Structures are given as C-alpha cells and as structure tokens.
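As structure tokens, the structure follows; a few thoughts come after it.
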Protein chains: 2
Amino acid sequence: MNSPVLKPPETFFHSKLFRGLGNEELAELTAICQRKRLSAGDKLIEQHSAAQNVYVVVSGTLMIERLSRSGRRQVIAFSYSGDYIGFTNTEEYEYSVVALRETELQVFPRRDFLTLVDRFSTLKTNARQIGGNVLAQTLDQLFALGQKKAHERLCFLLAQISRRQCGTQNADIELIMSRQDIADYLGLTIETVSRAFARLKTMQLIEIVSAHRIRVLDRSVLEELASVN
Amino acid sequence: MNSPVLKPPETFFHSKLFRGLGNEELAELTAICQRKRLSAGDKLIEQHSAAQNVYVVVSGTLMIERLSRSGRRQVIAFSYSGDYIGFTNTEEYEYSVVALRETELQVFPRRDFLTLVDRFSTLKTNARQIGGNVLAQTLDQLFALGQKKAHERLCFLLAQISRRQCGTQNADIELIMSRQDIADYLGLTIETVSRAFARLKTMQLIEIVSAHRIRVLDRSVLEELASVN
DNA sequence: CGAGACGTTGAACATAATCAATGAGAGTGG
DNA sequence: CCACTCTCATTGATTATGTTCAACGTCTCG
C-alpha cells in the first residue's frame, strides 16, 4: 500500500482532519486526492453550484461569502491552512469561496470522500469534531454580530486571526483581507471598521503598523473584548 | 421484530429524521427511546454540561440560548415539533435549552443514537440533511443580524415561525416567546422590537391581534423583507 | 379590584451609516 | 526617478437608526 506514487505524508497532516490516520488509510485518501492552485481573486466555489468536492487548505487564505439578490453581502469566514471547505451536508454550496492570495488546496471528490469518512472511524471522529468546530465558530460570530459593539467585533476578528496565525509571526497580525471584507464579516461599514481600528489604537490595545499589519499590544484586553463569555 | 411493546410508529414520524426507516430500525430506535415532559420555563439543557442525550421535539416549543459571563444573551433558535436538539458533535453542549410551554420530547442516549446513525444508512442520510439544515438556518440568521435593519429582522423571524406553523393555524402566527426573547434572537432591544412591530403594522404587512398573536396581511412583502436573497 | 409582569410609546442620547473630502500606497508610463 | 492615476483607507460632518431612560398601558392572576 505504500506505493512510490504516495505523496509526502506530511502534506496530509496540515489538517486536523487527517490526524491519527494509518498508512493504508492515507494511501486511499491520496488516491482520490488532487491538487489545486489559486491566485488572489480566483473563485473556488460559486454560490448555488453543485457540491462536488471537499477541499483542504494547504496554504494561503480564502474567504467564504454569501451574496443576496439585493447586493448585500455577508462574509461567513476566512479560511487558513488546515481548514477544510465544502464538507457540506447539502447538495448545493450555499456560499461562494474566493482566494485572497496564492492558495494551494487538496481536492477530494465529495462522494468518495464521504465514503471514506464512513469507512475510517478515525476520519469520522475527526470530521465530526471539525464539523462541531465549524458550528461553534458560526455561533461565536452570531453572538458577536448580535451582542457586540463595533470595536468589540473587531477585537473578535483580530483575536481569531491571531489565534490562527499563532507561531507564524511574532505578535503581528497580517490582515490579508480588505476593509470591505472585514466590514461585511462584522456587519459594519468600512468607515466604522476604520474608526474601530482608531479606537483600539487610542485604547493602546494595538499598533497599526500598516493598514494590513497590526501589532497587538495588550492581548489580554483584546481577548476580553473579543470573548463570547 | 414487530413486538407488542413497540410504541405507535406515528410518533416517530414527527421528525424528518425518521423518514423512510424500516420496522426493524424503528424497533431498535424505540428500544433506546425514552419520553420526557417539560413545563413552561423548565430547563432541558444547561450550557457547558456534558452532551449525553439527543432529543426530538414531539410537541411544544423550546428556546436555545447562549449566555455570556457579562450577562449578554444570544437566542440561537426556537425549536418546534419535529426538530431535534443536542445532536452536537462536541462533547459539551454550548447552549442552554428551555421550554417555552408544555413540551413533549423523545430522549435518546447520544452514544447509542450515534451508533444507530452509523448503522442505518437512511438515518445517516436524514441526519446529515438535517445537520445541513441547522447550519443553513444559522447562516440565514447570521445574514439577518449582519445585514438587516430592525424591521427586516423581525420579518425574518415572523416568516420563519410562519413557515413552521404552516397548517397549524389559518394565517395567524402565535408568538409564544416574550419580546425579550425576540430581541435577544434578533440582536435588538425590546423597545426596538416593539417599534418594529408598530412599523410593520403601519406598513399594512401585519395586524397585531394581541401581543402574542400576529396576523399576516401581506405575505409576499413580508417574505421579501425576510429573504436572505 | 389591585399588584406585578410584560409591552408600548415618548424623549434624549449614543452608535453606526451615509455623504464628502482627504490621504496613503501600488502600479504605470513618461 | 518622478509625476500621474487608481484604488483603498482614513477622517470629518451630518443624518439615521437603535439604545437608554422614563412614563404609561394592558393583561393576568390572585
């Protein structure tokens, strides 16, 4: 089963999804896995298209968004390395997915992937856990939008990205997305987002190195304001 | 397998979860199923407690809510007959669940239930579909909180309840929950909710029969304002 | 009938949206 | 290399929306 065409196993450990899997299982996954590269701005998934693939982010950043007929947009999530996308239970994607920069993905045909999830108990457990995390994350965002003020919502986003990028950098947060993306994620306007940044700066919580690079000065207060609790 | 202790099968068809199951499968489900009755105000699930059971609502109404240390509250959903609760993938409930009136439930030990979901492909398919619906519903709410004005959010709730109660009544909507519950569901205050009702009345979309009974006068406009699209 | 909880309405205030102008940075072509 | 332009971000002024505080209604249940 450890055929020479087996891709380097470390690529499979990017995602929690593949944690603890045996070699045979990884081999089967490898067999149905393809690679995909996207450039900034490329669309991975079109809203309302048939859900055919499951993707795992190897590197890069993507944005998951929902558009309405009336032109309003809700950004649902930003996806980083290790995240998986399109593991939907519905037959249609209910959102679009766009790359925010150079992004590398693993592609699994959804049907085959679901079959393997059924067969491999470890994979099943992992999938369930991650599925639970997705819902939990969405509920956190729901809480933020329903109960928090503008600057608290921004803390929510910053803390979230910071957690994802932990280890990547020192204490700096790289904001690959535009102010409009942030605004549509937090249910605000770009002007309000801008003022929220200014406010956090005045509060000495952050330093605005550049528009897309933020240095966290007081993590505990940031987390406090971000907290759902 | 059609033993005499088998409970009336129609009780199992309340939920979409049990659609299309064979008699043997229903018998196994019956074997692990218990009943529970709640009165208005009774708590079914305490936030952060261990996720031990899966519940299916037979009759009544429940409210799913999340509380923060700081006392803020986000109502996540209202659950009606046929809904299921606690089919979480995490080991801990991340929300509390309270009965809003006399409610009857089916109780399944979560571990046993998950085992049966694995074994019965029909049940698995149904569970996946319903799981997808839960996420879809949460995303709709996210969109409403992020992008909609107060009176549109109220339309969102009214349309949703109306759809759930379709067939139960003529065109009247019964609002079993309090104004505070509605406010915490929509991310507003009770005063704003009250004014939103007044506004929809002025717009001739609804008639306020009583505080807890709303008659829909123009369904199409209501749906339009409620729409995520 | 009275008490208490819940809901509505009004007035003042706060927050965020909108409209408008300015500023900063990246890419282009002279 | 330096203007020039274009896009994106920030800041200010004004307006709109929703919150807060307060008073008043209404309904239910003794």
Side-chain angles (χ1 to χ4, degrees), chain A residues 39-41 63 70-75 98 100-102 144-158 173-203 206-215 225, chain B residues 39-41 63 70-75 98 100-101 144-158 173-203 206-214 225:
Chain A
S39 300
M63 176 171 62
S70 51
R72 285 185 273 194
R73 181 178 77 142
Q74 178 64 48
V75 172
V98 181
L100 290 179
R101 60 174 150 192
E102 279 287 307
L145 293 196
Q147 308 301 325
K148 283 180 181 298
K149 305 228 176 271
H151 71 284
E152 294 174 320
R153 296 188 206 182
L154 183 56
C155 289
F156 169 73
L157 174 63
L158 292 177
I173 295 173
E174 196 193 349
L175 294 174
I176 191 78
M177 66 292 291
S178 72
R179 290 293 189 268
Q180 187 63 62
D181 296 336
I182 295 175
D184 289 344
Y185 179 74
L186 300 176
L188 302 166
T189 60
I190 48 171
E191 294 94 333
T192 302
V193 169
S194 208
R195 282 184 247 269
F197 272 114
R199 177 163 181 184
L200 296 183
K201 183 184 163 189
T202 307
M203 291 169 79
I206 62 169
E207 182 183 327
I208 301 170
V209 181
S210 79
H212 294 279
R213 178 165 293 275
I214 304 298
R215 184 160 300 146
L225 290 175
Chain B
S39 301
M63 177 170 63
S70 52
R72 286 186 273 195
R73 180 178 78 142
Q74 178 65 48
V75 172
V98 181
L100 291 179
R101 60 174 149 193
L145 293 197
Q147 308 300 326
K148 284 181 182 298
K149 303 222 176 280
H151 70 285
E152 295 174 319
R153 295 189 205 181
L154 183 55
C155 288
F156 169 75
L157 174 63
L158 292 176
I173 295 172
E174 197 193 347
L175 295 173
I176 192 78
M177 67 290 293
S178 73
R179 290 294 189 268
Q180 188 63 61
D181 296 336
I182 295 175
D184 289 343
Y185 179 73
L186 300 175
L188 302 167
T189 59
I190 48 172
E191 294 94 333
T192 302
V193 169
S194 207
R195 283 184 248 269
F197 271 116
R199 178 165 180 183
L200 297 183
K201 182 183 164 190
T202 306
M203 292 168 78
I206 61 169
E207 182 183 326
I208 301 169
V209 182
S210 80
H212 293 279
R213 176 166 294 275
I214 304 297
L225 291 175

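By convention in this document, chain letters (A, B, ...) are assigned in the order of the sequence lines, proteins followed by strands, and residues within each chain are numbered from 1. A quick note: this is a predicted structure, and the numbers were derived from the prediction, not measured. Below, all heavy atoms of this structure are taken into account, side chains as well, without hydrogens, waters or symmetry copies.
The side chain of A:S194 contributes an N or O atom lying less than 4.0 Å from OP1 or OP2 of D:dT10. The side chain of B:R195 places no N or O atom within less than 4.0 Å of a non-bridging phosphate oxygen (OP1 or OP2) of C:dT8. An OP1 or OP2 oxygen of D:dT19 is reached within less than 4.0 angstrom by a side-chain nitrogen or oxygen of B:T189. Checking the phosphate oxygens (OP1, OP2) of C:dC6, no side-chain nitrogen or oxygen of B:S178 falls inside 4.0 Å.
The interatomic distance linking A:L145 (CG) with C:dA16 (P) rounds to 13 Å, in whole Å. The CE-P distance, from A:M177 to D:dC8, rounds to 15 Å in whole Å. A:L200 places its CG atom 15 Å from the C1' atom of D:dT10, with the value rounded to the nearest Å. When the P atom of C:dC6 is taken as reference, atom CG of B:L175 falls 16 Å away, rounded to whole Å. If you measure from atom NZ of B:K148 to atom C1' of C:dA17, you get 17 Å, rounded to the nearest angstrom. Look at CG on A:L188: it is 16 Å from C1' on D:dT10, rounded to the nearest Å. Straight-line distance from the CZ atom of B:F197 to the P atom of C:dT9: 12 Å, rounded to whole Å. One interatomic measurement links the two molecules: CD1 of A:I190 to C1' of D:dA9, which rounds to 7 Å at whole-angstrom precision.
Exactly one of A:I190, A:L158, A:V193 qualifies for a side chain to side chain contact (heavy atoms under 4.5 Å, CB included) with A:I182. That residue is A:V193. With B:D181 as the partner, the side chain to side chain contact (heavy atoms under 4.5 Å, CB included) test is satisfied by one option alone out of B:L175, B:L100, B:L186: B:L100.
A donor-acceptor pair is defined here as one N or O able to donate and one able to accept, closer than 3.5 Å; such a pair exists between the side chain of B:Q74 and the backbone of B:Y185. The backbone N or O of A:G146 sits nowhere less than 3.5 Å from a side-chain atom of B:R72 that would complete a donor-acceptor pair. Side chain of A:R153 to main chain of A:A196: no donor-acceptor pair is present (N/O by atom type, distance under 3.5 Å, no hydrogens or angles).
Comparing C:dA17, D:dG18, C:dG7 by their closest approach to the side chain of B:A211 singles out C:dG7.
Comparing the end axes of the helix from C:dC1-D:dG30 to C:dG30-D:dC1, each fitted to five base pairs by superposing C1' atoms of four pairs onto the next four, gives an inter-axis angle of 30° (nearest 10 degrees).
Heavy-atom distances to DNA chain C give each of A:S210 and A:K149 a nearest nucleotide, and the one nearer the 5′ end belongs to A:K149.
Counting non-hydrogen atoms under 4.0 angstrom, A:H212 reaches the backbone sugars and phosphates but no base.
Applying the 3.5 Å distance criterion, the base of C:dC19 shares a donor-acceptor pair with the side chain of A:E191.
Atom OG of residue A:S194 and atom CG of residue A:L188 lie 12.0 Å apart, to the nearest 0.5 angstrom. Between A:L225 atom CG and A:K149 atom NZ the span is 12.5 Å, to the nearest 0.5 Å.
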